Amino acid sequence: MKNKMQEQRESLPIFPFKQDLIAAIREYQILVVVGDTGSGKTTQLPQYILEGIPNAIVAVTQPRRIAAISAAYRVAEETGTKIGDLVGYSIRFEKVASKNTKLQFLTDGTLLRTCTTDPLISQFNCIMLDESHERSLDTDVLFGLLKRACKQRPELKVIIMSATLDIEKFQDFFDAPVFSVPGRMFEVDVLWQKTIKFQTLKTTFVQRCVETVMHIHKTEEPGDVLVFLTGQQEIERCAKNILDLHKELNYNLVRHRDSVKDMVVYPIYSSLETLQQKAIFEKTPKGVRKIVLATNIAQTSVTVPGIRYVVDCGFVKQKMYDHKTHMDALLVVPISQAAATQRAGRAGRTENGKVYRLYCKEAFQEMSPTTVPEIQRSSLLGTILYLLKIGIKDVLNFDFIDAPDPELVQTGLKQLFYLGAVDKENRLTHLGKIMSDFPVSPFLSRCLISSSQDFQCSDEMCTIVALLSVEDFYIQPRSEKDQALAEEKRQEFYDSSGDHVTFLNIYNAWRDSGYSQDWCRDNFFHYRALNVAKNIRSQLLSAMKQHKLEIYSLTHKQKIPPSCRQPILKSLCSGFYMNTVKKQKGKTVFYPYIASLEGQSTLLFLSPQSSLTKIDQDRLDWVIFNDVQFVTRPNMRITSRIDFEMVKVLFGRVDIKHHKMEEEFQTIREVIDPMHNEEHGLRNEVHSNQVERPVDLVELKRKSARERFLERKKQK
DNA sequence: GAGCACTGC
């Protein structure tokens, strides 16, 4: 007799294909499996392999930690085994697996890390990359590595699992057959806006979302609504406007007033405290319509149950890295067709649904078919160091599924040379080898090594580096009263040298509170973020010990005395001396030192959150910063005051003209340029949809100023 | 004139 779980498994859309799938996996070394959400591929296919392929040791990668854990638990349950026995998982800080484990769920990043000591991934003989269509930086690197490993290990099986229709690219890259599995989706009606250009929509989409939500509430049958917006500010503005309109709503005008009697509005974005997020998943009382206003977090990471209507504004905030200025620009850009389809799909999870697209059909046709992969819009410093570490000497000709801009690779190599991680021939140095073993950016690992070898403050630096590796841990309260209170509380942690030592003071105070959650709440810090930093800190300490780098502590005092600042700042300079800026006298603008030597003039500003904004501006002269982010103007995030003497010695490396490398790039570029041009056609198309580009920052600034102006005008 | 989308080691 079959049990209930068995029946459930056999009712999944993938089940009828079980034998065919096993046969295909046996026959081909690489297989691309395409299937929509709900097909059961993540949980079933690994089990089919365990049943059908003898001696299989399977790894399944997921882009997110939570996905790896929950898939592992599901499969363990279905196989009737304890987690960590036959089925396990492995993510950062957490490994639940034993020598009996035949099936392991990992994050892409974890598998990539294990490749540093084992580039052919010999501990597994079957590797499945799930959610490949998301094209994270890590999956893209894994694509290349797996293709390489397949050539050297004929017995290795690789399965690429993807949800999109953009499968030809995978098919071509891997030269592998495609196996398509139907999904289980309910029908979703698509409603288009009649005629509207992205340009117009961009300044008005918040208001249009408000109107659409009210329209749905007034005319549609009961069912919850999910609205895709771009960010926290837009969400809060939208929520306020909806609630204002709802107050004046006359329910006699509501078509389904017998079953629609009220509404409740929930915002959801990643920095929201977890408690507030919980409410979204609870069922609303009968007659109450739930309106969820979400960022892109709801497109992949978070599933809100019971959604019947989706409102898609057509935009997303996306990071773009500009290699010339090393700035990250966060831009509001039109989404891709693939993203639009995914958003729409959120309406058909439990029953038939509807999607209201705030753009017209023609605008959809103009959207790029897929999102620009992350590897083409990120700093490649860490990736290059990683590839060198695992023995790929010619990073420029590494087999990427979508090659990054060669200039981006060149910039990355140059910066690694500045850090001493590669020599003039682009070979990994001893220092670079050690740096690549730290799970932080090369800038930060350079600081760590220096803090031990040169300045004897490695304990303190582990704390600072850990804090620099986590998301923003400052809570920005909504009310002005709480903002003032937060400001007052933080006063006691400030160090006049700037943010880095201030961070250290905050962490030490938290440590002395016994890592208390209440302390975090009272002082307006995110407990979750500080806790991650605590874990990273201990991971860094053990990496230091592994490389026989001494742990020195400057002081056990909670607040760092001024006499201890120098070694900390000097260590930071060894990683961030390229980010040295000088303040212009009498103004609040800063000039990057290296860029001005090269005759470029970029202006930078202090981020409004920096502790350096609190001190007398005339006392500022030389400053180093962690990174620059461009929203409306280029702001330096996390800054500290330094003496020029601290960085002066380090600039020796920069003055050496990188002749050898420049020459090499000239010849290499000629060879790969045709390929690059081919890429270009596609990329231009992608760019043409974007209203703004990070390249011309002046133009960007002008445009955003105008948009704000128009919006203010509209609100009046 | 002023603030950041989402992941991961």
Side-chain angles (χ1 to χ4, degrees), chain A residues 61-68 90-95 106-116 131 134-142 228-235 268-272 294-302 313 315-320 327-333 335 339 342 371 373-375 377-378 382-383 385-386 389 436-442 444-445 465-466 469-478 483 529 532 535-536 539-540 543 588 605-610 613 627-638 701 704-705 708-709 712:
Chain A
T61 71
Q62 295 289 332
R64 283 167 293 280
R65 296 162 55 93
I66 185 80
S90 178
I91 55 177
R92 193 186 194 181
F93 310 129
E94 219 178 314
K95 183 168 180 173
L106 320 87
T107 49
D108 302 312
T110 308
L111 186 64
L112 216 51
R113 267 287 145 186
T114 66
C115 291
T116 52
E131 313 287 353
E134 287 190 26
R135 301 292 305 278
S136 75
L137 224 164
D138 291 342
T139 19
D140 269 23
V141 176
L142 279 173
F228 281 102
L229 281 158
T230 48
Q232 184 175 346
Q233 275 195 333
E234 293 86 339
I235 285 172
I268 176 167
Y269 40 87
S270 76
S271 62
L272 212 57
T295 58
N296 235 23
I297 194 169
Q299 196 178 300
T300 45
S301 315
V302 175
C313 77
F315 288 95
V316 66
K317 271 187 190 167
Q318 204 170 58
K319 199 169 81 178
M320 280 296 224
M327 284 181 203
D328 273 336
L330 198 65
L331 306 177
V332 175
V333 296
I335 58 171
Q342 213 173 5
T371 308
E374 200 184 350
I375 199 160
R377 45 187 178 87
S378 320
T383 306
L385 187 64
Y386 173 83
K389 160 85 183 186
S436 69
D437 277 342
F438 284 90
V440 291
S441 85
L444 292 172
S445 54
V465 167
S469 325
V470 297
E471 58 190 308
D472 189 7
F473 54 89
Y474 282 45
I475 293 176
Q476 295 299 331
R478 287 192 208 178
Q483 273 174 25
V532 175
N535 282 329
I536 295 177
Q539 204 182 21
L540 295 175
T588 52
F605 300 83
L606 283 178
S607 155
Q609 287 191 17
S610 168
T613 57
D627 58 356
V628 180
Q629 273 167 358
F630 195 103
V631 179
T632 49
R633 64 180 199 182
N635 283 336
M636 301 180 286
R637 257 172 92 259
I638 310 169
K701 194 172 161 183
S704 68
R708 281 201 306 278
F709 168 75
R712 272 203 302 274

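Below, each value reflects all heavy atoms present in this structure, side chains not excepted, and no hydrogens, waters or symmetry copies. This is a predicted model, so every value here is computed, not measured.
- Closest approach to the Pro439(A) side chain among dC9(B), dT7(B), dA5(B) is made by dC9(B) (side chain taken as heavy atoms from C-beta onward).
- Between Ser469(A) and the phosphate of dC9(B), there is no side-chain N or O to OP1/OP2 separation shorter than 4.0 Å.
- For the pair Pro63(A) and Gln232(A), nearest-nucleotide mapping onto DNA chain B gives the more 5' position to Gln232(A).
- Between Thr295(A) and dC6(B), a side-chain N or O to OP1/OP2 separation shorter than 4.0 Å is present.
- Residue Thr230(A) places none of its side-chain N or O atoms closer than 4.0 Å to OP1 or OP2 of dA5(B).
- Put simply, CD1 on Ile335(A) is 17 Å from P on dA5(B), counting in whole angstrom units.
- Checked against salt bridge (Lys or Arg N to Asp or Glu O under 4.0 Å), Glu234(A) has the following partners two or more places apart in sequence or in another chain: Lys317(A).
- Atom NZ of Lys95(A) is separated from atom P of dC9(B) by 14 Å (rounded to the nearest Å).
- When only modelled atom types and interatomic distance are considered, Ser607(A) and Ser610(A) share no side-chain donor-acceptor pair under 3.5 Å.
- The distance between atom CD1 of Ile297(A) and atom P of dT7(B), rounded to the nearest whole Å, is 4 Å.
- The salt bridge (Lys or Arg N to Asp or Glu O under 4.0 Å) test applied to Arg64(A) returns Glu134(A), not counting sequence neighbours.
- Residue-level contact check: Ser136(A) touches neither bases nor backbone, having no heavy atom under 4.0 Å from any strand.
- The distance from atom CD1 of Ile66(A) to atom C1' of dG8(B) is 14 Å, rounded to the nearest whole Å.
- In this structure, CZ of Phe228(A) is placed 12 Å from P of dC6(B), rounded to the nearest angstrom.
- Residue Ser301(A) places no side-chain N or O under 4.0 Å from the OP1 or OP2 atom of dC6(B).
- Nearest approach of Cys313(A) to Leu229(A), heavy atoms of both residues: SG-CA, 4.1 Å.
- Contacts of Gln299(A) with the nucleic acid, taken as non-hydrogen atoms under 4.0 Å apart, are absent.
- Residue contacts for Arg64(A): at a heavy-atom cut-off of 4.0 Å it reaches the sugar-phosphate backbone alone, with no base atom in range.
- Comparing Val316(A) and Thr110(A) against DNA chain B, the residue whose closest nucleotide sits nearer the 5' end is Val316(A).
- The distance between atom CG of Asp138(A) and atom P of dC6(B), rounded to the nearest whole Å, is 18 Å.
- A donor-acceptor contact shorter than 3.5 Å is absent between the side chain of Tyr269(A) and the backbone of Ile235(A).
- When the P atom of dC6(B) is taken as reference, atom CG of Asp472(A) falls 12 Å away, rounded to whole Å.
- At whole-Å resolution of the value, CG in Leu111(A) and P in dT7(B) are 21 Å apart.
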